[in-house]
Protein chains: 2
Amino acid sequence: MARDEDKDNRVTDRVGFICRSLRRAIIEQALEPGAKLPEDALGERFGVSRTIARHALGQLAAEGLVELRRNRIAVVATPSWQEARDTFDIRLGLERLVVRQLSGRLTKAQVAKLQAHVDAEEEARNGPDAVSIRLATEFHVMLAVMTDSPILIRYVSEIAYRCCLTLSLYSRPHSSECAISEHRALIAALAAGETEKAMGMMDHHLDSVASRALVAPGKPRGRDIMDILAPYAEAETAPPEAGKAPAKGGAGRRKTTA
Amino acid sequence: MARDEDKDNRVTDRVGFICRSLRRAIIEQALEPGAKLPEDALGERFGVSRTIARHALGQLAAEGLVELRRNRIAVVATPSWQEARDTFDIRLGLERLVVRQLSGRLTKAQVAKLQAHVDAEEEARNGPDAVSIRLATEFHVMLAVMTDSPILIRYVSEIAYRCCLTLSLYSRPHSSECAISEHRALIAALAAGETEKAMGMMDHHLDSVASRALVAPGKPRGRDIMDILAPYAEAETAPPEAGKAPAKGGAGRRKTTA
DNA sequence: CGCGCTTCAAGTGCATGCACTTTGGCCGCG
DNA sequence: CGCGGCCAAAGTGCATGCACTTGAAGCGCG
């Protein structure tokens with residue numbers, strides 16, 4: 001990722017740097033949906049002025065990772081359940097394009113690179129979930145990058161990141177074991193040029209991730225506090241264990257990158 | 001009609017306003033690819049400071065409509081031929097999703113609205129091309145909006161705008177007559193819930209727009225001057241008018257769509 | 001004891017100023 | 001006559017200051 005850093009396009013890069021950092025923090029769930037991102041705190045943390053931080057926030061907002069509300073502190077986006085489903089749906093469509101594009105056209109080097117990445121995933125399996133999620137996401141982004149189509153790259157990256165977001169909202173502990181083997185199988189199919197098969201695998205892969213991970217709309221984790229409180233408003237009969245303090249918000253003052 | 005749209009999200013709206021204006025200017029080809037967009041000129045024109053103009057430019061850059069180069073004046077993006085093809089390809093994938101989502105689910109009011117829009121297209125047929133293009137684009141955006149899926153809306157809008165851009169680079173005078181009847185037919189199929197048929201129509205529609213409009217890579221109008229000059233640099237023997245001389249990236253045939 | 005109003009601090013919205021970079025013209029030199 | 005370097009104008013990069021908005025604590029009133 002430090003590769004094409006200073007191409008000379010894109011904003012100076014301090015903005016880019018902040019974006020990348022924030023994105024990473026978000027997909028690793030160091031920043032949960034709803035986390036506040038005050039401009040000055042950001043600026044201070046990254047050693048830049050609010051102007052830059054603001055710009056970065058703007059970019060991230062354009063990608064749908066943060067929410068900007070006028071005169072309010074920016075927050076990490078909290079996609080609705082419906083949006084989450086849509087996101088996966090669209091992602092599927094986009095990744096099919098990737099597969100179609102790539103099938104039978106992968107160079108040996110590319111295949112090797114992909115395999116190496118999956119090896120890394122394997123290795124990180126016992127590490128923190130955050131890392132597995134990031135690696136799994138990066139695998140897909142890597143595929144997109146290999147299409148060499150800037151637009152496709154952008155869209156797939158964006159949506160993959162958004163998926164991480166929804167995952168961090170609506171998923172349970174996470175289980176990425178099968179994902180890894182599915183990644184391997186996908187590589188094989190792509191390398192062999194079995195387009196249809198590869199597409200089917202991608203379908204199945206994403207579909208299973210979605211249905212396995214996306215747990216029903218019942219209780220969105222970091223969602224609006226009012227949602228969490230909702231069941232308590234109904235009746236005062238033994239509320240389930242929810243270790244969240246009511247008013248003050250357990251987040252303390254400003255959160256920034258971990 | 002330029003009044004609302006600010007539910008309270010998004011930037012203050014002066015930024016939004018500039019974005020919208022610029023987008024419109026771009027898709028109507030009042031601003032050709034490569035056109036310069038200096039911050040202060042923009043700011044002056046819209047009665048705001050460079051800060052705002054800059055922010056707008058940033059948004060547009062995120063959408064791929066303008067290009068930002070460090071320390072240089074921002075310009076309207078000039079997608080390469082390859083990107084143009086990719087764009088249409090991806091667009092097709094996205095619009096298929098739209099169709100699938102919409103098929104058989106359109107309310108009477110929606111159908112009416114669509115038909116009214118196509119009527120407007122019909123009416124504008126003798127007007128300037130710019131308007132026809134805008135209307136045709138808006139038709140597709142309108143469809144996307146009806147899916148009620150924010151992400152899909154965003155992506156389709158974005159890519160539709162980008163297509164306008166490529167059209168203004170690589171298309172001939174334009175002929176949108178058939179597009180109108182195709183729009184009508186599409187509405188009918190959608191209303192009738194004939195998903196497969198509707199998808200096929202969308203395929204055909206976009207494909208024909210692409211292949212009809214996108215005239216070969218021969219002479220990209222506003223594209224990098226170096227490309228145009230390349231064949232002349234080789235030898236001074238009568239430069240052919242279409243020959244692809246440089247060893248540049250493959251203009252090689254790529255699956256358009258299935 | 002609770003409820004609404006006031007007041008204040010945190011935070012954003014935006015403009016402006018200054019430094020740095022790029023560009024293109026001008027001039028002197030070969 | 002051409003060519004390469006200097007210089008000013010134009011433009012961006014970024015920080016900072018001030019006005020405005022918002023949320024909430026504090027306070028008085030019922």
Side-chain angles (χ1 to χ4, degrees), chain A residues 5-22 31 34-62 66-77 224-226 229 245-256, chain B residues 5-22 31 34-62 65-77 224-226:
Chain A
E5 188 116 313
D6 50 341
K7 265 170 47 166
D8 96 315
N9 63 349
R10 219 59 180 170
V11 247
T12 328
D13 226 15
R14 297 203 249 179
V15 170
F17 179 74
I18 299 181
C19 281
R20 264 174 268 129
S21 307
L22 252 30
L31 285 174
K36 294 197 227 187
L37 302 168
E39 298 177 354
D40 15 357
L42 245 44
E44 197 174 341
R45 165 81 59 215
F46 286 94
V48 299
S49 79
R50 283 176 42 219
T51 308
I52 304 299
R54 185 184 184 73
H55 210 77
L57 251 11
Q59 294 293 313
L60 261 9
V66 321
E67 254 169 71
L68 252 32
R69 293 115 84 217
R70 180 167 180 84
N71 281 321
R72 308 279 292 274
I73 304 180
V75 296
V76 175
D224 193 340
I225 299 186
M226 292 314 292
L229 257 41
K248 262 315 172 101
R253 238 150 100 54
R254 44 190 61 157
K255 313 175 79 154
T256 36
Chain B
E5 223 254 319
D6 57 88
K7 1 187 193 190
D8 89 335
N9 63 349
R10 219 60 178 172
V11 247
T12 331
D13 226 15
R14 297 203 249 179
V15 170
F17 179 74
I18 299 182
C19 281
R20 265 175 268 131
S21 307
L22 251 32
L31 285 175
K36 294 197 229 189
L37 302 168
E39 297 177 355
D40 15 0
L42 246 44
E44 197 174 341
R45 161 84 52 220
F46 287 94
V48 299
S49 80
R50 283 176 41 221
T51 308
I52 304 298
R54 185 185 185 73
H55 209 77
L57 252 10
Q59 294 294 313
L60 261 10
L65 287 184
V66 320
E67 252 169 71
L68 255 29
R69 292 115 84 218
R70 180 164 181 86
N71 280 321
R72 308 279 290 276
I73 304 181
V75 297
V76 175
D224 190 356
I225 301 186
M226 293 315 291

request  = Grab the CD1-C1' distance between A:Ile73 and C:dG11 for me, whole Å please.
outcome  = 6 Å

ask   = Counting just side-chain N and O atoms, does A:Arg69 come under 4.0 Å of either OP1 or OP2 of C:dG11?
value = no

Closest heavy-atom pair and its distance - A:Leu68, A:Ala61 = CD2-CB, 3.6 Å

query = How long is the line joining CD1 of B:Ile18 and P of C:dC14, in whole Å?
reply = 10 Å

request  = Locate the shortest heavy-atom distance separating A:Ala53 from A:Glu39; write the atom from each residue and the value.
outcome  = CB-O, 3.5 Å

ask   = Whole-Å distance between D:dG11 C1' and B:Leu37 CG?
value = 13 Å

key: Contact state string [nucleotides 16-23 of chain C, B base, S sugar-phosphate only, - no protein heavy atom under 4.0 Å]   = BB---SSS

key: Passing option when A:Leu57 is tested against A:Leu42, A:Ile18, A:Val15 for side-chain contact (heavy atoms from CB on, under 4.5 Å)   = A:Leu42

query = Which pair of heavy atoms, one from A:Ala62 and one from B:Ala62, lies closest together, and at what distance?
reply = CB-CB, 3.9 Å

key: Separation of D:dC14 P from A:Phe17 CZ (nearest whole Å)   = 14 Å

request  = Any chance you could lay out the side-chain contact (heavy atoms from CB on, under 4.5 Å) test for A:Leu31 and A:Leu37, step after step, and finish with the verdict?
outcome  = CA-CA 10 Å; A:Leu31 285 174; A:Leu37 302 168; 4.1 Å; yes

request  = Give, for atom NE2 of A:His55 and atom CZ of B:Arg54, the distance between the pair rounded to the nearest 0.5 Å.
outcome  = 6.0 Å

query = How long is the line joining CZ of B:Arg14 and C1' of D:dC20, in whole Å?
reply = 12 Å

task = Compare every heavy atom of A:Cys19 with every heavy atom of A:Gln59, then report the nearest pair and how far apart it is.
result = CB-SG, 3.6 Å

key: Value in whole Å for how far the C1' atom of D:dA15 lies from CG of A:Leu42   = 16 Å

remark   = Rounded to whole Å, the NE2-P distance (B:His55 to D:dC14) equals 15 Å

message = Which is more 5' along DNA chain C, the nucleotide nearest B:Lys36 or the one nearest B:Val48? Just name the residue.
response = B:Val48

request  = Write down the distance between CZ (A:Arg54) and C1' (C:dG11), rounded to a whole number of angstrom.
outcome  = 10 Å

Using a cut-off of under 3.5 Å, enumerate the N/O to N/O pairs linking the protein to nucleotides 5-9 of chain D.
none

